[in-house]
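Each remark here refers to the structure printed beneath this line.
Side-chain atoms are counted along with the backbone in the values below, which use heavy atoms only and exclude waters and symmetry mates. Naming convention: chains lettered A, B, ... in sequence-line order (proteins, then strands); numbering from 1 in each chain.
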Number of protein chains: 2
Amino acid sequence: MALRLLDEYGLPDLTMRHIATALEVQASALYWHFPNKQTLLAAVSARILAPMDDVRVEEMTVSEAVRQLGARLRECLLAYRDAAELVSSSLALGLVDSPIRPQLMAVTRRDGVPDSLSRVAAEAVMHFVVGYTFHEQQRLTADSFGLLPEATSLNPEDASAQPAEDGDFGEALTMIADGLEVSVRQYTSGG
Amino acid sequence: MALRLLDEYGLPDLTMRHIATALEVQASALYWHFPNKQTLLAAVSARILAPMDDVRVEEMTVSEAVRQLGARLRECLLAYRDAAELVSSSLALGLVDSPIRPQLMAVTRRDGVPDSLSRVAAEAVMHFVVGYTFHEQQRLTADSFGLLPEATSLNPEDASAQPAEDGDFGEALTMIADGLEVSVRQYTSGG
DNA sequence: ACCTGAACACCGTTCAAGT
DNA sequence: ACCTGAACACCGTTCAAGT
């Protein structure tokens, strides 16, 4: 229900009272199921990130895995209104697991990269994708409300085109992916 | 004043009413100076990021510039409580300028990298640093309140050691910096 | 086990009115 | 030009009490 309300009305209107009303219940009833609002939001974040588990990375190179996981993460976040902001805060609060770490680490570990390095690489990619998409999504919803000058629009030609066009994102992700591949090889071979 | 209150009481308690009270004024008085709270917070963010202008990047390589700008950005964010979260949201809302773009672009432009690529690289670095520091700072303040299990602590040995130890951060930043250097060269020479 | 009802201690913002 | 006072329409959370 919270996920539905998030997508329909946005994060600022995702209040305990609205969720409760939509469930035809008092707001206080929610506190039997969740200790507080942040925990409830973390559960919503986990739902948003669920499709991450479908990515199969076994046969991929590090660079490929970074691109696939990064692109899928962005898709998950763009699938619901304000999802990037919500997930960003759940991640920062440590109430939700890293959405790409286990899969990326499976690949790097297979290639003999030390775990500490892999963890750091996974964090770098995650922070970039979430931050980028947060910013992107903010512009998208601001656009749809006509709140920004045209110059900052994302799709100047056709504002209602496919929403998940990757333009700069794909380029940046590829840069990072290739960069990590190179760095990881340096660290593992060179020491 | 808002910056002082932020550092002392944290972002959740940085309310219009508290700011006004500290200024010995009514909350409504603030609305003569700022159209809303987000704009006021953006002004605070700009103050937090002011030291970014002191970084001199003219003679640096791309990799050096990324490391210097990234490290300085993290220092700015760690200088005040909850600053990373505050700046993250101001950036996402587009109410504050990118803290590293102009300087990093000066370097890449000098090296003949196309602007579109440079912009994307600057965004990648910015999102990584802000996201990483946001997460880090959250753990720091959670630590100081004893709210997390010990396993997630940052400084297991000495919780009140130097607060700005870069451990993983420096490693990750170097990886990204080297990676970008390589990628940027590929793009410019290879096409 | 699960929920209600009412309260507590707050919010951001607006706006007529003052000086 | 700058601020007050009062109000509007909300918040998250707690807790005794109900079934």
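- The shortest non-hydrogen separation linking A/Ala2 to A/Leu40 is CB-CD2, 4.0 Å.
- For DNA chain C, no neighbouring residue in residues 81-90 of chain B is found when judged by any heavy atom under 4.0 Å.
- Between the B/Gln137 side chain and the B/Ala84 main chain, a donor and an acceptor come within less than 3.5 Å of each other.
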Distance-only donor-acceptor pairs under 3.5 Å for side chains of residues 61-73 of chain B, two or more places apart:
residue, atom, partner, partner atom, Å
B/Thr61, OG1, B/Glu64, N, 3.0
B/Ser63, OG, B/Arg67, NH1, 2.8
B/Ser63, OG, B/Asp178, OD1, 3.1
B/Glu64, OE1, B/Thr61, N, 3.1
B/Arg72, NE, B/Pro51, O, 3.4

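- Here A/Thr21 pairs with nothing under the side-chain hydrogen bond (donor to acceptor under 3.5 Å, both in side chains) rule; sequence neighbours left out.
- Residues forming a side-chain hydrogen bond (donor to acceptor under 3.5 Å, both in side chains) with B/Asn36 (at least two apart in sequence, or on another chain): B/Thr39.
- For residues 89-103 of chain B, the pairs satisfying salt bridge (charged side-chain N to carboxylate O under 4.0 Å, His left out) are B/Arg101-B/Glu123, with sequence neighbours left out.
- Within residues 14-21 of chain B, the residues having any heavy atom under 4.0 Å from DNA chain C are, by residue number, B/Thr15, B/Met16, B/Arg17, B/His18.
- Across the interface with DNA chain D, nearest-nucleotide mapping of A/Asp13 and A/Ala29 shows A/Asp13 to be the residue nearer the 5′ end.
- Stem list for DNA chain C (at least 3 consecutive Watson-Crick or G-U pairs, distances under 3.5 Å): C:4-8 with D:12-16, C:12-16 with D:4-8.
- The 12-atom threshold is exceeded at CZ of B/Phe34, counting heavy atoms of other residues, nucleotides or ligands nearer than 6.0 Å.
- Residue-environment remark: CD (B/Glu58) exceeds the threshold of 12 foreign heavy atoms within 6.0 Å.
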Indicate every side-chain donor-acceptor pair of residues 169-176 of chain A with a distance under 3.5 Å to a residue at least two apart or in another chain.
residue, atom, partner, partner atom, Å
A/Thr174, OG1, A/Gly170, O, 2.8

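- In terms of the side-chain hydrogen bond (donor to acceptor under 3.5 Å, both in side chains) criterion, residue partners of B/Asp115 (sequence neighbours excluded) are, by chain and number, B/Arg109.
- The backbone N or O of B/Met105 lies less than 3.5 Å from a partner atom in the side chain of B/Thr108, making a donor-acceptor pair.
- Residues passing the side-chain hydrogen bond (donor to acceptor under 3.5 Å, both in side chains) test with B/Asp82, sequence neighbours excluded: none.
- Nucleotides C/dA9 and D/dC10, compared at atom C1', are 13 Å apart to the nearest Å.
- For the segment residues 34-44 of chain B, the set of residues with a heavy atom within less than 4.0 Å of an atom of DNA chain C comprises B/Asn36, B/Lys37, in numerical order.
- A salt bridge does not link A/Glu8 to A/Arg4: none of the charged side-chain nitrogens sits closer than 4.0 Å to a carboxylate oxygen.
- For the pair A/His18 (side chain) and A/Asp13 (backbone), a donor-acceptor distance under 3.5 Å is present.
- When DNA chain C is scanned 5' to 3' for any atom under 4.0 Å from a heavy atom of chain B, the first and last hits are C/dC11 to C/dC15.
- Closest non-hydrogen pair, B/Arg56 versus B/Asp53, comes out as NH1-O, 3.9 Å.
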